[in-house]
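See below for the structure under consideration.
Below, read A as the first sequence line, B as the second, and so on, with proteins coming before strands; counting in each chain starts at 1.
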Amino acid sequence: MAEQKSLALGFVRGEPVVEKPEDLYIPPDALEVILETFSGPMDLLLYLIRRQKLEMVDIPVLTITRQYVEYVDMMKELKLELAADYLVMAAMLAEIKSRLLLPKPPQEDDEEEDPRAELVRRLQEYEAIRHGAEYIEQQPQVGRDTWLSEVATDARDYVTIPPPAVTLEDLTLAFSRVLKNVELQAHHQIKREQLSTRARMSHVLELLQHQTYISFSRLFVRSEGRAGAVVSFLAILELVKESMIELSQMEPMSDIHIRLKRQHDEFDPA
Amino acid sequence: MMNSTQLKQLLEAALFAHPQPLSAEQLQQLLLTESDASLAAVKAALTNLQQDYSERGVELVKVASGYRFQTRAELGQRLAGLWQEKPPRYSQALLETLALIVYRQPITRGEIEQVRGVSVSSNIIKTLQERNWIKVIGVKEVPGRPQLYATTAEFLDDFNLNNLEQLPDIDSQPAADRTAETATNERDTLND
Amino acid sequence: MMNSTQLKQLLEAALFAHPQPLSAEQLQQLLLTESDASLAAVKAALTNLQQDYSERGVELVKVASGYRFQTRAELGQRLAGLWQEKPPRYSQALLETLALIVYRQPITRGEIEQVRGVSVSSNIIKTLQERNWIKVIGVKEVPGRPQLYATTAEFLDDFNLNNLEQLPDIDSQPAADRTAETATNERDTLND
């Protein structure tokens with residue numbers, strides 16, 4: 001400040017206070033650029049304080065307010081967009097100033113807060129955040145200071161996506177869902193055979209994929225016992241009923257043959 | 001003039017970070033001035049780097065468009081684990097179709113559709129066939145001669161079953177008289 | 001059991017090839033079986049690798065979400081020549097907003113505006129969210145229920161941090177009692 005060439009208007013804590021900072025005498029378009037570099041009223045305020053090398057807690061509110069208002073007026077002239085936010089701060093400064101200028105009423109309560117305290121707190125918090133922003137900015141950044149390795153690899157060629165796993169539970173749940181659905185729409189029915197019958201039906205049809213006829217007796221295996229015989233019998237009846245197979249017998253009491261039903265039957269219909 | 005360690009570090013970093021291969025000429029042009037290092041110095045440094053990485057998990061190879069780092073071929077299979085995805089899940093429609101084929105085989109597509117009330121997409125049937133869980137075991141002698149689906153031995157294997165009877169019996173049709181009703185419907189169908 | 005050279009090669013290749021950082025646990029789970037190497041062996045190999053790369057153009061660093069190879073920060077300026085695009089430069093307003101979210105999280109937009117004395121542009125929040133540096137982690141139970149912002153692991157990763165504590169402290173302010181003393185001075189000045 002000592003080398004300031006402008007006229008000192010007064011002294012604050014032994015320092016000359018100048019009417020306008022030197023950098024105010026710059027062409028308006030350049031000024032606009034400078035003013036736009038302030039990220040907000042707190043930034044401007046902090047700049048005004050720091051420029052005079054003042055301690056945060058020593059804010060000469062009168063001086064600072066005047067300087068601040070000068071800047072804001074210029075911003076208004078230049079129609080900078082942020083003016084509204086700056087006006088709020090100007091009003092706050094004006095309020096502090098007027099409270100400071102009011103004679104202090106005699107009172108026992110010494111605890112009354114300095115009107116500047118709130119402003120000081122805000123400035124301190126803002127300055128702390130400014131430091132934080134600086135620290136973040138200085139951190140080595142991916143894409144600016146460091147780059148991640150992007151090494152070619154053939155590993156992806158070896159990736160195989162396993163087919164979805166299905167559990168027995170998934171299956172039974174799905175079937176229960178279907179059954180519930182069917183019950184809701186009563187006109188659809190699904191037949192009531194046991195799974196063993198249905199499985200035997202598939203088995204019979206499969207056998208008939210490989211041979212034209214199978215003998216009826218072949219479907220009754222002694223080791224399966226009575227239950228097995230019942231299942232086979234039900235399966236055959238069901239297959240006949242669903243017109244998937246047909247039975248033929250050359251003569252009474254002879255073995256019955258099973259074959260796939262054909263649409264154009266060269267046999268006599270049963 | 002850059003010393004050879006600095007030059008090597010710079011080239012190494014560039015080749016690791018750049019997604020495409022870079023030739024010695026490109027490296028020289030993009031990263032260095034004439035006074036930093038000559039093209040010959042760049043080439044020497046690259047050879048040197050190739051040696052440094054001869055025994056490591058990545059190697060510096062020269063391909064058509066330049067140099068690049070790549071993972072060693074022997075490691076490819078193991079590294080696949082990094083990109084291994086969780087198996088997708090099958091849709092409800094697929095599971096219900098499979099369940100119907102399991103519990104009501106042999107069954108036609110039309111019958112599945114009738115029970116589920118919606119059409120069965122060909123994709124579902126295709127998926128189930130590709131997994132070898134179902135197969136066509138014949139046709140039903142009704143108009144259109146639709147194919148009959150049943151489960152395969154592989155289905156049993158995949159679900160750890162010896163036979164279909166081991167599946168839990170789910171039959172929610174309680175009343176016996178419903179059978180009669182069904183029979184009537186069935187006869188109607190047959191008469192179509 | 002893998003020998004330590006094999007293990008190191010595998011981890012090295014994985015970390016070079018994988019686009020995101022990987023933790024020791026992930027490396028173990030994705031690449032190895034229990035019989036290959038223990039987690040302790042993986043960690044030892046990683047430390048070993050960090051030493052191997054301490055003098056090279058790339059280094060193995062540990063950030064919030066795991067280990068990754070990256071080019072040395074000192075080479076940044078020179079390497080920038082590899083890319084056409086200049087790295088983005090962020091405005092003071094964006095950096096202050098980010099700093100508030102970093103240092104004062106969880107924080108609402110209103111609280112950010114309170115400290116900065118200016119409204120926060122939606123663009124800034126959008127940019128920070130698009131970079132995946134911040135996220136909404138809830139709402140503050142005050143009238144209007146404003147959203148609360150916090151930083152993400154990706155923020156830490158992108159700024160080469162393991163955790164937020166690695167950033168310098170901003171709250172070591174001089175003693176508050178100086179305010180009272182100053183107040184007296186100010187009044188004196190005003191009386192001049």
Do [X] and [Y] make a side-chain contact, defined as non-hydrogen atoms from C-beta onward lying under 4.5 Å apart?
X: B:Leu161; Y: B:Leu167; value: yes
X: C:Leu148; Y: C:Val136; value: no
X: B:Phe16; Y: C:Phe16; value: yes

Heavy-atom distance under 4.5 Å to chain C: side chain of B:Leu49, backbone, both or neither?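 Interface part for B:Leu49: side chain.
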
Does any heavy atom of chain C fall under 4.5 Å from the side chain of B:Leu22, the backbone, both, or neither of them?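 Side chain only.
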
Polar pairs (donor with acceptor) under 3.5 Å from chain C to chain B:
unit_1	atom_1	unit_2	atom_2	d
C:Gln9	NE2	B:Glu55	O	2.6
C:Glu12	OE1	B:Gly57	N	2.6
C:Glu12	OE2	B:Arg56	NE	2.4
C:Glu12	OE2	B:Arg56	NH2	3.1
C:Asp36	OD1	B:Arg78	NH2	3.4
C:Asp36	OD2	B:Arg78	NH2	2.3
C:Asp52	OD2	B:Arg56	NH2	2.8
C:Tyr53	OH	B:Arg56	NE	3.4
C:Glu55	O	B:Gln9	NE2	2.6
C:Arg56	NE	B:Glu12	OE2	2.4
C:Arg56	NH2	B:Glu12	OE2	3.2
C:Arg56	NH2	B:Asp52	OD2	2.7
C:Gly57	N	B:Glu12	OE1	2.6
C:Arg78	NH2	B:Asp36	OD1	3.3
C:Arg78	NH2	B:Asp36	OD2	2.3

Calculate, to the nearest 0.5 Å, the distance between atoms [atom1] and [atom2] belonging to [X] and [Y] respectively.
X: C:Ile101; Y: C:Ile134; atom1: CD1; atom2: CD1; result: 4.0 Å
X: C:Leu98; Y: C:Leu128; atom1: CG; atom2: CG; result: 5.5 Å
X: B:Leu27; Y: B:Leu10; atom1: CG; atom2: CG; result: 8.5 Å
X: B:Leu79; Y: C:Leu15; atom1: CG; atom2: CG; result: 10.0 Å

